[in-house]
Amino acid sequence: MVAFQLPPPEGAKGGGADRAGLLESCNLKVQAKRKSEELHGLAQAEIKKGQVLNVPFERLLSSVRFSPDGLEIEGLEMKVFQGDVQGTGRYELARGTWSLKPRVKDVAMGEVLNRLTEYKDLFSGTFRGQFAANGGSQSVGEAAVNAEGSFRISEGELKNFDMTGGVLDTLFGLEGVNRKLSSSQGEAREHKTTRFDWLEGAFELRQGVLVLNSLRLRNISTSKATDSDALLEGKVILERQAVDMKGKVILSKRHSDELAGQTEILKALYNPEKRIVLPFTVKGNAKKMRTFLDTKYVAGAISQYYARQGVEKLREQLGLPEERQDGEERPAQRLLRELFKKK
């Protein structure tokens with residue numbers, strides 16, 4: 001058994017934190033030889049369990065090859081945060097640069113945030129993904145790290161952010177929509193978090209800016225149904241934790257039918273599957289995010305819906321035939337479309 005303590009420098013930020021470490025059943029094998037006065041070798045470590053910087057881990061296996069050029073992590077495996085981490089990496093001594101390629105499986109994200117960051121009790125979910133990261137030892141902070149990869153979070157919850165409820169709350173407040181939706185509005189406000197079956201996407205980290213691409217949230221829970229979805233993309237400036245994202249909520253078929261049944265103009269927001277689509281933006285920071293419905297889009301869609309309804313009524317009054325199945329317009333239909341075309 002090996003025990004040690006790593007206190008931070010006196011007066012440094014976080015100086016009051018407990019940095020004790022413990023390694024139990026640690027086996028270390030080192031093979032080395034000289035080649036032209038240069039030392040080359042292989043170090044292999046096996047640790048049953050331990051704790052470093054307040055993070056407990058189990059079953060750590062590592063194989064590191066060293067030479068005057070640097071260190072090559074040929075393999076790393078460990079069980080940490082209830083999941084498994086594997087990976088390879090390299091550190092180049094001459095340039096002071098490093099690179100890592102971790103693979104993460106079923107790690108408890110809530111525990112990671114609670115132990116290693118100031119964002120406690122804000123998120124939960126099971127994380128898996130793979131990415132590549134690199135940086136230099138001469139710089140510190142997020143700006144010194146570059147990374148990119150993909151990930152999936154299962155059974156997740158944003159505990160300080162109600163995505164769907166926030167968007168619907170704005171929709172229900174629009175003139176012409178709020179008259180028949182008071183009950184739905186109250187039910188939407190009951191939710192204070194965003195729960196989802198899974199979230200997947202890709203990310204890039206460059207110069208302290210985290211760019212999130214093609215995020216998909218599946219089966220967002222609301223009081224009305226549990227199969228709404230969302231698409232998101234945007235960025236987070238890490239130094240200020242400033243969030244700037246845009247996306248759209250796609251309400252479940254059941255919820256869409258219910259809302260459109262109360263207020264018919266909401267059919268203007270249908271997609272081809274007859275699910276209401278609500279574009280929005282997310283602003284704020286990691287601790288306090290807010291949604292903003294794209295009311296300009298909603299107003300435009302409703303206006304076009306009324307125009308189409310007007311064309312249909314005029315077609316019926318004039319006794320004009322309906323559109324052909326193959327999509328080809330008749331001359332009279334083309335005339336009506338031109339009359340009501342948005343200028």
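Asp229 places no side-chain N or O within 3.5 Å of a backbone atom of Leu251 that could act as its donor or acceptor partner. One N or O on the side chain of Asn160 and one on the backbone of Ala286 form a donor-acceptor pair closer than 3.5 Å. Side-chain N or O atoms of Ser67 include one that pairs as donor or acceptor with a backbone N or O of Asp69 at under 3.5 Å. At distances below 3.5 Å, at least one donor-acceptor pair connects side-chain atoms of Ser228 with backbone N or O atoms of Ser252.
Considering only heavy atoms from C-beta on, Val211 stays 4.5 Å or farther from Val236 through its side chain. For the pair Phe81/Phe57, no side-chain contact is recorded, criterion being any heavy-atom separation below 4.5 Å from C-beta on. Using a 4.5 Å heavy-atom threshold, the side chains of Leu231 and Leu215 count as separate. Using a 4.5 Å heavy-atom threshold, the side chains of Ser256 and Tyr270 count as touching. The side-chain heavy atoms of Asp84 and Arg59, taken from C-beta on, include a pair separated by under 4.5 Å. Contact of the Leu199 side chain with the Phe151 side chain is registered, since non-hydrogen atoms from C-beta on lie closer than 4.5 Å. Annotation: side chain of Met289 is not in contact with side chain of Met163 (no heavy-atom distance under 4.5 Å). Between Val55 and Val80, some side-chain heavy-atom pair lies under the 4.5 Å cut-off.
Evaluation of the salt bridge (charged side-chain N to carboxylate O under 4.0 Å, His left out) rule for Glu92 yields Arg90, Arg95 as partners, not counting sequence neighbours. In terms of the side-chain hydrogen bond (donor to acceptor under 3.5 Å, both in side chains) criterion, Arg290 has no residue partners (sequence neighbours excluded). Under the side-chain contact (heavy atoms from CB on, under 4.5 Å) criterion, Leu158 pairs with Phe123, Phe161, Thr194, sequence neighbours left out. In terms of the side-chain hydrogen bond (donor to acceptor under 3.5 Å, both in side chains) criterion, residue partners of Glu273 (sequence neighbours excluded) are, by chain and number, Asn271. Partners of Arg34 by side-chain contact (heavy atoms from CB on, under 4.5 Å), not counting sequence neighbours, listed by chain and number: Leu39. Applying the side-chain hydrogen bond (donor to acceptor under 3.5 Å, both in side chains) rule to Lys159 yields no partners; only residues at least two apart in sequence or on another chain are considered. Ile73 meets the side-chain contact (heavy atoms from CB on, under 4.5 Å) test with Val64, Leu76, Leu100; sequence neighbours excluded. Qualifying salt bridge (charged side-chain N to carboxylate O under 4.0 Å, His left out) partners for Asp244, counting only residues two or more places apart in sequence or in other chains: Lys283. For the salt bridge (charged side-chain N to carboxylate O under 4.0 Å, His left out) test, no residue two or more places apart in sequence or in another chain qualifies with Lys288.
If you take CG on Asp227 and CG on Asp197, they are separated by 9.5 Å, rounding to the nearest 0.5 Å. To the nearest 0.5 Å, atom CD of residue Glu233 and atom NZ of residue Lys248 are 10.0 Å apart. A distance of 6.5 Å separates CD1 in Ile302 from CG in Leu266, rounded to the nearest 0.5 Å.
Counting non-hydrogen atoms of other residues, nucleotides and ligands closer than 6.0 Å to CD of Gln130 gives a total of 12 or fewer. Counting heavy-atom neighbours within 6.0 Å of Lys33 NZ, excluding the residue itself, gives a total of 12 or less. A 6.0 Å sphere centred on CZ of Arg275 holds more than 12 heavy atoms belonging to other residues, nucleotides or ligands. For Glu38, the CD atom sits in a packed shell: over 12 heavy atoms of surrounding residues, nucleotides or ligands are nearer than 6.0 Å.
Annotation: salt bridge (charged side-chain N to carboxylate O under 4.0 Å, His left out) contacts involving residues 97-109, sequence neighbours excluded, comprise Asp106-Arg128. Sorted pairs that involve residues 292-301 and meet salt bridge (charged side-chain N to carboxylate O under 4.0 Å, His left out), not counting sequence neighbours, are lacking altogether.
Residues Met245 and Leu205 share a single hydrophobic cluster, defined by chaining ILVMFWY side chains whose heavy atoms lie under 4.5 Å apart.
Salt bridge status for Arg115 with Glu111: present, with a side-chain N to carboxylate O gap under 4.0 Å. Salt bridge status for Glu118 with Lys287: present, with a side-chain N to carboxylate O gap under 4.0 Å. The pair Glu200-Arg152 counts as a salt bridge, with a side-chain nitrogen and a carboxylate oxygen less than 4.0 angstrom apart.
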Tell me, with the steps shown, if Phe203 and Leu210 meet side-chain contact (heavy atoms from CB on, under 4.5 Å).
CA-CA 7 Å; Phe203 74 92; Leu210 177 64; 3.8 Å; yes

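Here Leu122 is tied into one hydrophobic group with Tyr119, each link being a pair of ILVMFWY side chains closer than 4.5 Å.
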